[in-house]
Amino acid sequence: MIKREITRVLAERLEELNFELDRNDIDVEEPSNDEFGDFASNVALELAAETDLSARDLASSIVEGIERELFSSITVAGPGFINFHLEKDFLTDSLSQLLASSDPLGGISVDEKETIQIEFVSSNPTGPLTVGHCRQAVLGDVLASLYRALGYEVETEYYFNDEGRQMNILARTLWARYKQALGEEVEIPEDGYKGEYLVDIGEDIASEHGSEYSRWNDETADFFKKIGLEEMIGRIKEDLDLLGVQFDSWFRESKLHKEGKVEQVLSALDERDGTYEQGGALWLKAEEEGAPKDAVLVKSNGDPTYLLPDIAYHLDKLDRGYDRALVLLGADHQRHVENMKAALRVLGFPRDFYQVLINQFVSLSNEGEVKRMSTREGEFVTLKSLVEDLGKDVVRYFMAARKPESHLEFDYELAKKESMDNPVYYLQYAHTRIASIFEKTEYADLEESFPLKEVDLSELGKDEEIELVKKLDKFPEMIEIAAGDYGSHHLVSYGEDLASTFHQFYNKFKVLTEDDDISRARLALCRGVQLVLKKLLNLLGVSAPEKM
RNA sequence: GCGCCCGUAGCUCAGUGGAUGAGAGCGACGGAUUGCGGAUCCGUAGGUCGGGGGUUCGAAUCCUCCCGGGCGCACCA
């Protein structure tokens, strides 16, 4: 990472001048205008106020003491910017390192091996996953890959409620479908799940068990609850599988009750004076801890609300020893998050343990029409139909492409196009083109006689070539940024940018030329692009095809 | 009414806690191929960065007010 190296050089020089500052405070940027060098820094402008010098004079004195061997020139410009023009070798060295290690991440990793648990989707098993869950599934899955790539110990988990009111409603609804399958005129319960998805399960039960469960009693309820749960969870897993998302762990809420975790949390909150009783209900003093209002933990009928077991769940996460618990939630859970934070503060959780990534909703646009979704009313576009229609690669790419806090408008028409209009193929095509070149060169032979990692890269010097080298060098930094702000969209932006630069290069220059030295240098460059593109697509969970 | 998020080109969106011409893709218009895959490339048109104020040497970016949109403000999850 060249930027890191320049920052280091600058930091050393500033130390010589007796400035005290953190290396992270030193800002090294790539100027938008390349007249201003390959990299530039504004430190002099920032530090001038601490000195008697003008920013320009300070910049000059900083520049004077910097060793020149890496740079073709260092200049002071404008109000006091320091512009670095790099020796070409400095740039191509980063490519050499990439080829030598075959590691696009340049060996970056976290200092301490931190364990992070990522909980996402966690939709209750009362209906099929929809496009909204789809966004979260992709986001969570990409983040997990990202953190693994950075050396974290990562565990992904899906949390679901396997008993309680919703399960009862599911059982009642399923029973109604079963009765309908037996030819009886039965209405779906008022608050039941009206979608069609329970119909065939009801039919299956009817054909297997006949009229065995024609009466609603405890035994029937248990049976339909159990089978409904199994069926729905099974389908959810199948759907996620279609998307290429697998969870390390599935966590049932009932486990918390069985193990007394809920009780434990309740008494812990109580001990710390975090609760009170009012109107027959038990309240959390959330307002004292920064939430807008207090929240109910146990309803006056004795049932816990959603909040209480979730607190218990996070106590369980803490007990399991994770350093960090990241939870992905939809925008409608904002209030819940405030209550959770308040509760965990009462319980004295480590400050940064509970981390939440709120993602905004997805709307599906098709010829200008925007659809809303409701599981309860049975109106939705399912994850399954989306993936079956468009394929895993396209769906994942589109879902990962926007920053989580922005609404995602899923352009169905564009996603459907299997042509150059679709940005997924743009990236994949770049990868394919490179694969195709290597096929042509009978690469195996060439690699044997002239290992690419030993190729003389001084032949690289065209603007497009240098541009590519710089972009490859930037990959690890981009990954750190993406992990740092939980944003899969950085991968997409970077990928499109890299692919674009590659296509320009490819269009303008031939890789395989009469001149063997040039050919080898360009092949080495292509290998670098290939490594990075493959890694990138891999992190996104999108395939990197050799042929399309 | 209060809180969170969003508002950048006709459309969909990038722009890593400031600085040195405001970007990409799609759409529109016009071009490029007897040579490594044209699923590509090049060019043109298109923007008061929602609006006003403020901080600063400098603001799409920070502060504030206003406007518009999404979500939330349950003894639902």
Side-chain angles (χ1 to χ4, degrees), chain A residues 27 29 31-33 35-37 40 42 45-46 48-49 55 77-81 83 122-124 126 161 164-166 191 278-283 291-293 295-307 310 330-338 358-361 363 365 368 401-411 413-414 417-426 428-430 432-441 477-478 480-482 484-485 487 489-490 492-494 496-497 499-500 502-513 519 522-523 526 547-548:
Chain A
D27 213 10
E29 297 286 341
S32 50
N33 184 340
E35 277 174 36
F36 298 117
N42 62 353
L45 286 149
E46 284 181 343
F81 292 96
N83 295 334
S122 294
S123 165
N124 279 333
T126 56
N161 186 347
R165 205 173 75 90
Q166 285 195 60
D191 53 0
Q278 193 182 70
L282 189 71
W283 293 73
K293 282 185 189 171
V296 172
L297 292 165
V298 182
K299 299 185 241 177
S300 52
N301 70 2
D303 290 342
T305 60
Y306 165 56
L307 178 61
D310 205 31
D332 53 341
H333 283 64
Q334 169 211 333
R335 184 57 197 288
H336 175 67
V337 173
E338 291 176 300
I358 297 256
N359 63 282
Q360 296 294 324
F361 292 148
S363 55
S365 78
R402 301 285 175 252
K403 58 182 166 195
E405 63 268 30
S406 290
H407 292 266
L408 190 157
E409 185 165 326
F410 194 100
D411 187 336
E413 291 168 275
L414 178 59
K417 281 191 188 175
E418 292 192 11
S419 71
M420 60 181 167
D421 295 342
N422 195 320
V424 189
Y425 302 116
Y426 188 80
Q428 293 182 321
Y429 186 53
T432 301
R433 273 185 152 174
I434 295 171
S436 168
I437 295 170
F438 280 110
E439 199 176 341
K440 202 135 268 161
T441 61
E477 185 194 347
M478 182 278 295
E480 282 180 330
I481 290 168
D485 71 0
H489 67 289
H490 289 108
V492 171
S493 305
Y494 173 90
E496 289 182 5
D497 189 34
S500 169
F502 173 75
H503 285 310
Q504 283 168 46
F505 158 76
Y506 180 91
N507 213 264
K508 197 160 171 181
F509 304 106
K510 282 196 62 99
V511 173
L512 306 173
T513 64
S519 302
R522 288 183 179 162
L523 279 168
C526 286
K547 287 186 163 54
M548 292 171 72

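Just so you know, these numbers come straight off a predicted model, no measurement behind them.
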Where does the angle between the aromatic ring planes of A/F502 and A/Y506 fall among parallel (under 30°), tilted (30 to 60°) and perpendicular (over 60°)?
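Tilted.
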For [N], what is the paired nucleotide under Watson-Crick or G-U wobble rules, both distances under 3.5 Å?
N	value
B/rU48	none
B/rG17	none
B/rC71	B/rG3
B/rA59	none
B/rA32	B/rU40
B/rA9	none

Could a donor-acceptor pair under 3.5 angstrom be found where the side chain of [X] meets the base of [N]?
X	N	value
A/N42	B/rA19	yes
A/E338	B/rG3	no
A/S300	B/rC75	yes

With centres under 5.5 Å and planes under 30°, do A/Y506 and B/rC36 count as stacked?
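Given the distance and angle limits, yes, they stack.
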Check every atom of [options] against the side chain of [X] and return the nucleotide holding the closest atom.
X	options	answer
A/E405	B/rU12, B/rC6, B/rC71	B/rC6
A/A40	B/rU20, B/rG3, B/rA39	B/rU20
A/H490	B/rG15, B/rC71, B/rA39	B/rG15

Pick the nucleotide of RNA chain B nearest each of A/Q334 and A/N124; which residue has the one closer to the 5' end?
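The 5'-side residue here is A/Q334.
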Please figure out whether A/Q360 or A/F36 has its closest RNA chain B nucleotide nearer the 5' end.
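The 5'-side residue here is A/Q360.
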[atom1]-based separation of [M] from [N] [nearest Å]:
N	M	atom1	answer
B/rC62	B/rG7	P	11 Å
B/rC67	B/rC29	P	41 Å
B/rC42	B/rC26	P	11 Å
B/rC66	B/rC4	P	13 Å
B/rG53	B/rA59	C1'	14 Å
B/rC13	B/rA22	C1'	15 Å
B/rC49	B/rU61	C1'	10 Å
B/rG23	B/rU8	C1'	10 Å

Classify [X] by what it touches in the nucleic acid, base, sugar-phosphate, or nothing, heavy-atom distance under 4.0 Å.
X	value
A/D485	nothing
A/Y494	nothing
A/L414	nothing
A/G280	nothing
A/T513	nothing
A/F361	sugar-phosphate

For [X] and [N], what is the distance between atoms [atom1] and [atom2] respectively, to the nearest whole Å?
X	N	atom1	atom2	result
A/H333	B/rG72	NE2	P	11 Å
A/I481	B/rU16	CD1	C1'	4 Å
A/E46	B/rG17	CD	P	12 Å
A/R402	B/rG15	CZ	C1'	13 Å
A/F81	B/rA19	CZ	P	8 Å
A/E409	B/rG7	CD	P	14 Å
A/N301	B/rC75	CG	P	12 Å
A/I437	B/rC36	CD1	C1'	5 Å

Check whether any side-chain heavy atom of [X] lies under 4.5 Å from a side-chain heavy atom of [Y], and answer yes or no.
X	Y	result
A/R522	A/I437	no
A/R433	A/H503	yes
A/H489	A/P404	yes
A/F361	A/D332	yes
A/D485	A/H490	yes
A/K417	A/Y425	no
A/R335	A/P292	yes

Strictly below 4.0 Å: does [X] bring a side-chain N or O up to OP1 or OP2 of [N]?
X	N	answer
A/K403	B/rG15	yes
A/S436	B/rG37	yes
A/S519	B/rC36	no
A/K293	B/rA74	yes
A/H489	B/rG15	yes

Kindly say whether A/A281 contributes a backbone atom to a donor-acceptor pair with the side chain of A/S300 at under 3.5 angstrom?
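Absent.
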Only one of A/D303, A/T305, A/L282, A/L307 forms a side-chain contact (heavy atoms from CB on, under 4.5 Å) with A/V298, so which one is it?
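Looking at A/D303, A/T305, A/L282, A/L307, the match for A/V298 under the side-chain contact (heavy atoms from CB on, under 4.5 Å) is A/L282.
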Whether the A/Q504 and A/S500 side chains hold a donor-acceptor pair (N or O, under 3.5 Å, no angle test) is what I'd like checked.
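On atom types as modelled, these side chains qualify, holding a pair under 3.5 Å.
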Please write out the pairs of protein N or O atoms and N or O atoms of nucleotides 41-44 of chain B separated by less than 3.5 Å, giving the distance to one decimal.
unit_1: B/rC41; atom_1: OP1; unit_2: A/Y426; atom_2: OH; d: 2.4
unit_1: B/rC41; atom_1: O4'; unit_2: A/N507; atom_2: ND2; d: 3.3
unit_1: B/rC41; atom_1: O2'; unit_2: A/N507; atom_2: OD1; d: 3.4

